[in-house]
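Since the structure is predicted, the reported quantities are computational estimates derived from the model, not experimental observations. Letters go in sequence order (proteins before strands), and every chain restarts at 1.
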2 protein chains.
Amino acid sequence: MLKAAAEMIDPLNRYPGYLLRRASLAAMVALATRLAPLDLRPGEATVLTVIEANPNSTQSDIGRLLEIARANMAPLVSRLASRELIERQPVDRRSHGLVLTRSGRSLVARIKAAFAAHEQTLLEKIPASHRNAFISGLQALAEKTSNGN
Amino acid sequence: MLKAAAEMIDPLNRYPGYLLRRASLAAMVALATRLAPLDLRPGEATVLTVIEANPNSTQSDIGRLLEIARANMAPLVSRLASRELIERQPVDRRSHGLVLTRSGRSLVARIKAAFAAHEQTLLEKIPASHRNAFISGLQALAEKTSNGN
DNA sequence: TGCAGATTGCTATATTATATAGCTATCGCC
DNA sequence: GGCGATAGCTATATAATATAGCAATCTGCA
């Protein structure tokens, strides 16, 4: 009486919202797998690339950009610092700017290679003629709803 | 020295994988908000619509279809049953088929309306000329990689 | 200039989704 | 008849995310 999933009616398979979730989940698993050899989770790798692109940003700045709550940035940054991938440069007595260390810079090079390979793998699944429409659709859905936070 | 997120360089804004995650997250929050008045989370609402479309499926069947682990289906189904939205019909002494109760059926009608409104809201953000390419792109990324599970 | 209110980094905690391990009872099939 | 697979379930682990609150510090305005 076991029913194979393929034999069941899935009323959701045409729903963009459902597909979006499934696609995102699959991509996240693939990315996490790719980053595992670097001992980084996707959020950590992302923060490192943002620090490279915006040296001396505070962790609040980065949290705002990536929509990571301040409370969750603290342990994340702390772990990166304890691995000596980043350093905290004092900005004032309350905050500090984050910069990559030498080993952070070399790790970011590997992260960017992993990201590029990951994105390449995703794009390859989509016919070239659809890629621009696909990406601009994602941008429209990902857009923040104009709250300054 | 506060940097507005808009002033920072975001090296990820052209990455489909990153956009996918942001879009999916935004859509999930919107859907959860829409379902909150029904006291349902997205997964529960989804399971109810699948039961309607596939009456008498076992919870293992449904878990396979939606990729929800058996271990996590148990409490989910149990909660729906305790709210008398579904009933368990014995199939054999080991498993049972799930069917909607009367109140489950009327709730599913409201769920489907909420889903339709949600999907409509998502689609409206995408130019009509891009929608087909967008959806087929999502389908390509969401596709399971041919493992029988 | 001095103070009120905002911000920073942080801890602690709660919620939710997801994943693994393992258990018993039962089923299907050879 | 019995072995391996499956169903449902509990307990537990991991992770991402969210809120509350706190002390130190900063900023801007009266």
From CZ of B:R64 across to P of C:dA19 the rounded distance in Å is 16 Å
note: B:D61, atom CG; C:dC27, atom C1'; distance rounded to Å ~ 15 Å
B:N72 side chain to B:I68 main-chain N or O, any donor-acceptor pair under 3.5 Å?
no
Rounded to whole Å, the CD-C1' distance (B:Q59 to D:dG8) equals 6 Å
Any ion pair linking A:R22 and B:E67 (charged N to carboxylate O, less than 4.0 Å)?
yes
Lys/Arg-Asp/Glu bridge criterion (N-O < 4.0 Å) met for B:E44, B:R79 = yes
When rounded to whole Å, the CE to C1' distance for the pair B:M28 and C:dT15 reads 14 Å
**Prompt:** What about A:R70: does its side chain form a donor-acceptor pair under 3.5 Å with the base of C:dG9?
**Reply:** yes
Nucleotide by nucleotide, nucleotides 12-19 of chain D touches protein heavy atoms under 4.0 Å in the pattern (B base, S sugar-phosphate only, - none) ---SSBBB
From CG of B:L76 across to P of C:dT18 the rounded distance in Å is 10 Å
Separation of C:dA6 atom P from A:R94 atom CZ, nearest Å, is 13 Å
Separation of C:dG9 atom P from A:Q89 atom CD, nearest Å, is 14 Å
Per atom distances to the B:S60 side chain, the nearest of D:dG8, D:dT25, C:dG9 is D:dG8
Self-check item: B:E124 side chain to B:Q120 side chain, donor-acceptor N/O pair below 3.5 angstrom
Solution: yes
- prompt: Between B:R41 (side chain) and B:A32 (backbone), is there a donor-acceptor pair under 3.5 Å?
  reply: no
With a 6.0 Å cut-off (strictly less than), is the heavy-atom count around CG of B:N132, excluding the residue itself, greater than 12? no
Atom CZ of B:R93 and atom C1' of C:dT24 are separated, to the nearest Å, by 15 Å
